[in-house]
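Report on the structure given below.
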Number of protein chains: 2
Amino acid sequence: MRYKAGLETRDKILEATRSRVAAAGLDGTTIKAICDEAGILPGSFYNLFDSKEEAVLAVVRQAIDAVDPDPDHQGTDTLAELVEAYIAFITTQGDLARVYIRLALSGVGDNAEFKGRVMRHHQGRVSRFSSAIGREHPEMAEAETQRRAETLVSALNGIALHRVMDPDFDVAVHARGLLTDALTGVS
Amino acid sequence: MRYKAGLETRDKILEATRSRVAAAGLDGTTIKAICDEAGILPGSFYNLFDSKEEAVLAVVRQAIDAVDPDPDHQGTDTLAELVEAYIAFITTQGDLARVYIRLALSGVGDNAEFKGRVMRHHQGRVSRFSSAIGREHPEMAEAETQRRAETLVSALNGIALHRVMDPDFDVAVHARGLLTDALTGVS
DNA sequence: TTCAAATTAGAGTCAATACTCAAATATCAG
DNA sequence: CTGATATTTGAGTATTGACTCTAATTTGAA
């Protein structure tokens with residue numbers, strides 16, 4: 001293979017970018033930090049990427065893809081499966097989970113760049129959850145499944161956000177609790 | 001009053017800082033942006049604050065204080081009241097709500113500066129919620145009220161996070177739903 | 001082994017950043 | 001009105017950021 005070295009360097013860069021974005025955020029990540037962690041120099045970076053943005057975007061795509069596994073099961077998955085998949089993502093994909101949460105927040109302010117992407121992704125997730133609820137509860141109106149899906153997806157993100165700050169936080173227990181308990185107390 | 005002008009300038013700076021932090025984040029906020037929005041020059045800024053960090057911290061404190069109103073009601077508030085207070089905060093305090101959510105994420109990475117502060121604040125909120133649940137459900141074990149409070153506070157933050165990105169998101173409906181529905185579908 | 005293409009090195013550019021400081025101006029007590 | 005003090009000005013410093021470019025080095029096909 002002709003371009004092997006270049007591709008290996010590219011992988012090292014992406015790995016370093018993922019780690020830095022997880023730790024410092026989409027904007028807080030610097031070329032120097034990426035290069036230091038990847039063990040290369042800026043010149044090499046710019047042989048393989050046109051800009052910092054390009055590397056960051058690649059990592060953002062990785063994170064988004066990792067959240068929604070098996071898009072082929074789209075029309076058949078159960079709500080419990082979707083929740084378990086999210087639990088697994090958050091607990092086993094440390095850096096990518098951090099990137100994902102960083103991303104969710106990048107849509108907050110001026111950052112129009114990512115905002116559309118984040119919103120589209122969120123819509124997709126909500127409708128997947130909504131379909132699963134509808135399949136399990138055919139008597140429920142669509143507006144109602146939609147509403148519950150929106151609440152659930154947002155709540156799960158809140159749980160992920162907290163876990164990312166506190167590694168001892170038990171994502172599984174809290175996420176599953178959302179499915180079975182109303183939080184006021186009556187089970 | 002002798003130092004009136006200075007105090008007014010200080011207020012303008014804090015207002016501008018709040019707006020910028022809400023839009024660009026704790027780190028993304030620049031002195032220039034603050035000064036432009038406040039209609040002053042950097043020299044004036046440094047007459048009233050020792051550093052950018054100091055102004056940002058002042059705003060962060062405002063946000064934290066605004067989330068937990070009436071600390072005197074501490075031992076008597078109901079869960080519904082706490083949730084309604086949070087709904088009101090998110091829906092009526094636009095910029096401060098954005099600052100609050102920004103803050104929640106600043107504890108994620110290297111940023112040890114804010115991490116402790118965020119965690120302490122979160123602990124306080126959870127125990128306030130937990131007490132309210134315990135008061136309304138004396139039969140419930142403390143570990144259980146604690147667990148539910150943790151889930152609820154995290155879930156509410158997730159809802160706030162989404163609302164901050166999408167102004168049409170109906171915080172009230174979704175937050176109240178957490179209290180009454182298990183999200184799997186059975187009401 | 002050779003040589004052209006692929007890859008890396010590392011110094012250098014330009015803009016933006018946080019922060020400083022001496023001089024100019026506004027304010028107000030006496 | 002006057003002078004001391006509070007306040008603002010705006011140009012300046014040192015640092016760090018993303019990104020560029022040319023020369024050196026490595027690689028692999030012939």
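All chains are named by letter (A, B, ...) in the order of the sequence lines, taking the proteins before the strands, and each is independently numbered beginning at 1. Since this is a predicted model, take the numbers as computed values, not measurements.
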As a test of reading the structure: which of D:dT7, C:dT7, D:dC19 is closest to the side chain of A:P42, going by heavy atoms? D:dC19
Answer with yes or no whether the side chains of A:D68 and A:Y86 bring together a donor and an acceptor at under 3.5 Å. no
For A:I40 and D:dC19, give me the distance from atom CD1 to atom C1', rounded to whole Å. 14 Å
Residue B:E54 excluded, over 12 heavy atoms near CD under 6.0 Å: yes
Regarding the side chain of A:T30, the nearest nucleotide among C:dA18, C:dT20, D:dG17 is D:dG17
Side-chain N or O of A:Y46 less than 4.0 angstrom from OP1 or OP2 on D:dC19? yes
Using whole Å, report how far CD of B:E8 lies from C1' of D:dA6. 13 Å
If I take atom CD1 in residue B:I34 and atom P in nucleotide C:dA18, what distance separates them, rounded to the nearest angstrom? 8 Å
Return the orientation label for the A:F169 and A:H174 ring planes: parallel under 30°, perpendicular over 60°, tilted otherwise. parallel
Could you tell me whether B:K12 and B:E8 have a side-chain N and a carboxylate O separated by less than 4.0 Å? no
Nearest-angstrom distance from the residue atom CG of A:D36 to C1' of D:dG17: 14 Å
Identify which nucleotide among C:dA9, C:dC19, C:dT17 has an atom closest to any side-chain atom of B:K32, counting heavy atoms from C-beta outward. C:dT17
The side chain of B:I31 lies closest to which of these nucleotides: D:dA18, D:dT20, C:dA18? C:dA18
Check the pair B:R18, B:E15 against salt bridge (charged side-chain N to carboxylate O under 4.0 Å, His left out), reporting the backbone distance first and the verdict last. CA-CA 5 Å; B:R18 190 187 318 143; B:E15 203 174 325; over 6 Å; no
Rounded to whole angstrom units, what separation is found between the NZ atom of B:K52 and the C1' atom of D:dT16? 13 Å
In whole Å, what is the span from the CZ atom of B:F49 to the P atom of C:dC19? 13 Å
In whole Å, I'd like the distance from the CD atom of B:E54 to the P atom of C:dC19. 10 Å
Taking only side-chain nitrogens and oxygens of A:S44, does any of them come within less than 4.0 Å of OP1 or OP2 of C:dA9? yes
Nearest to the side chain of A:L41, which nucleotide is it out of D:dC19, C:dG10, C:dC19? C:dG10
Would you mind reading off the distance between B:F45 atom CZ and C:dT17 atom C1', rounded to a whole angstrom? 13 Å
